[in-house]
Colleague: 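Below is the structure I would like to discuss, written out as structure tokens.
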Protein chains: 2
Amino acid sequence: MTQEQYSKYSFLLDRTARKVKQYAQQQFKSGDFDVTVDQWLVMKNLSENDALSQTELANLVFKDHPTLTRIIDLLCKKGYVERVPHPQDRRSFQLHLTETGVSKVVSLRPEIHNIREKAWENLSPNDFDEFKRILDTIYQNLNGESLEQ
Amino acid sequence: MTQEQYSKYSFLLDRTARKVKQYAQQQFKSGDFDVTVDQWLVMKNLSENDALSQTELANLVFKDHPTLTRIIDLLCKKGYVERVPHPQDRRSFQLHLTETGVSKVVSLRPEIHNIREKAWENLSPNDFDEFKRILDTIYQNLNGESLEQ
DNA sequence: TACCAATAGTTAGTGTGACAAATATATAAA
DNA sequence: TTTATATATTTGTCACACTAACTATTGGTA
């Protein structure tokens, strides 16, 4: 394997990830879901874990704080999420889905599963295992680098 | 494999791709490369194919036209790329690297290979083949969908 | 108590990605 | 020639990623 190849694999990874996101976003749009792919990810996690702080949620979805702040802003505007002041710590909020937000998650969940399925056609169960193992290896190779410096 | 899993794999793919890009960008920054990861991709392709039009280049790097226009704008400002009017077609340009751009590519190429290599540690040659096959399968599953509608 | 470091979250700036619409030019058809 | 259609690029808008800088608050420590 020549060094040149490493850049090609990085490119391929980026290209495919963008395609997967773009495809999902197009389907979200044509289905009038009223949320983006990333907004959905946030709502889904909130539906499974109530009263998270923004920092806890950011760690769950692997987004940085400024990005999450804006996504939460948008979801609040849309009426799907509320920031509730933390009873003890005035710096932080407890996030939770509104009634509207909960029913949105319930109604979208099965549709989104169908959309996500499309990407994984023509792959075997073993392929999924391999794929996950390789992605995790790559992630770990690059993670924690900042601690070593 | 339950339906729920498909979303998890999509998430894992997105997370890893972002990590790979973020790691490279951090290294670019700490090395004072004066270009971003995507700007580098564009310059590398221009160094291998001179006098491309923006459309041809966009197809090579899988970016849409507005995105490429803005990346080229930035590279022109930095003095690495020039737009030369096409001799026959006044709508389009022939892109080429300036002298400065060429020497930038020459000097950065080996450093970037080292950076890219880091992501692929602890993986076997067979893993690379599998990874490429799976990524290509996913891409093809979602590509051309717009033609079928 | 007063100070100080750490933490939670926001804001600002830049770059990128996707999409729609606009402009200019080229090419083909009537 | 005029019209219609296609192509190349740009502009505008919204969303997301990352960095750096900032505010407010907390908690420990002198």
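Per chain, numbering begins at 1; letters A, B, ... match sequence-line order. The model shown is predicted, which means the values in this text are computed figures rather than measured ones.
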Colleague: Report yes if at least one side-chain N or O of Gln54(A) is closer than 4.0 Å to OP1 or OP2 of dT10(C); otherwise report no.
Modeller: yes

Colleague: Working to the nearest 0.5 angstrom, can you tell me the gap between Lys19(A) NZ and Ile138(B) CD1?
Modeller: 13.0 Å

Colleague: Write down the atom of Met43(B), the atom of Leu97(B), and the distance for their closest heavy-atom approach.
Modeller: O-CD1, 3.9 Å

Colleague: Round to a whole Å and report the spacing from CD of Glu56(B) to P of dT7(D).
Modeller: 14 Å

Colleague: With a 6.0 Å cut-off on the ring centroids, do Tyr9(B) and Phe128(A) count as close?
Modeller: yes

Colleague: Does the ring center of Phe33(A) lie less than 6.0 Å from the ring center of Trp40(A)?
Modeller: no

Colleague: Check every strand shown and say whether Ser92(B) touches a base, only sugar-phosphate, or nothing at a heavy-atom separation below 4.0 Å.
Modeller: sugar-phosphate

Colleague: Report the residue from His65(B), Arg83(B), Gln94(B) that forms a side chain to side chain donor-acceptor pair (under 3.5 Å) with Gln54(B).
Modeller: Arg83(B)

Colleague: Assess, by modelled atom type and distance only, whether the side chains of Lys118(A) and Gln27(A) contain a donor and an acceptor separated by less than 3.5 Å.
Modeller: no

Colleague: Is there a side-chain contact between Phe131(B) and Trp120(B) (heavy atoms, below 4.5 Å)?
Modeller: yes

Colleague: Using only side-chain N and O atoms of Arg83(B), determine if any of them is under 4.0 Å from OP1 or OP2 of dT10(D).
Modeller: yes

Colleague: Can you measure Asn59(B) atom CG to dT9(D) atom C1' for me and round it to whole angstrom units?
Modeller: 14 Å

Colleague: Nucleotide by nucleotide, 5' to 3', does protein get under 4.0 Å of the base (B), only the sugar-phosphate (S), or neither (-) in nucleotides 21-26 of chain D, counting heavy atoms?
Modeller: ---BBS

Colleague: Nearest nucleotide by nearest heavy atom, which residue falls closer to the 5' end of DNA chain D, Asp73(B) or His65(A)?
Modeller: Asp73(B)

Colleague: Atom CZ of Phe28(A) to atom C1' of dC16(D): distance rounded to whole Å?
Modeller: 15 Å

Colleague: Tyr80(B) and side chain to side chain contact (heavy atoms under 4.5 Å, CB included): which single residue from Asp34(B), Val105(B), Val42(B) fits?
Modeller: Asp34(B)

Colleague: In whole Å, I'd like the distance from the CG atom of Leu68(A) to the P atom of dT11(C).
Modeller: 14 Å

Colleague: May I have the distance from Lys77(A) (atom NZ) to dC14(D) (atom C1'), rounded to whole angstrom?
Modeller: 11 Å

Colleague: If we only count heavy atoms from C-beta on, is the Lys63(A) to Leu57(A) side-chain gap below 4.5 Å?
Modeller: no

Colleague: Between protein and nucleotides 14-23 of chain C, map the contacts as a letter string: B base, S sugar-phosphate only, - none, heavy atoms under 4.0 Å, written 5' to 3'.
Modeller: -SSBBBB---

Colleague: Specify the separation, in whole Å, of atom CD of Gln27(B) and atom C1' of dT19(D).
Modeller: 15 Å

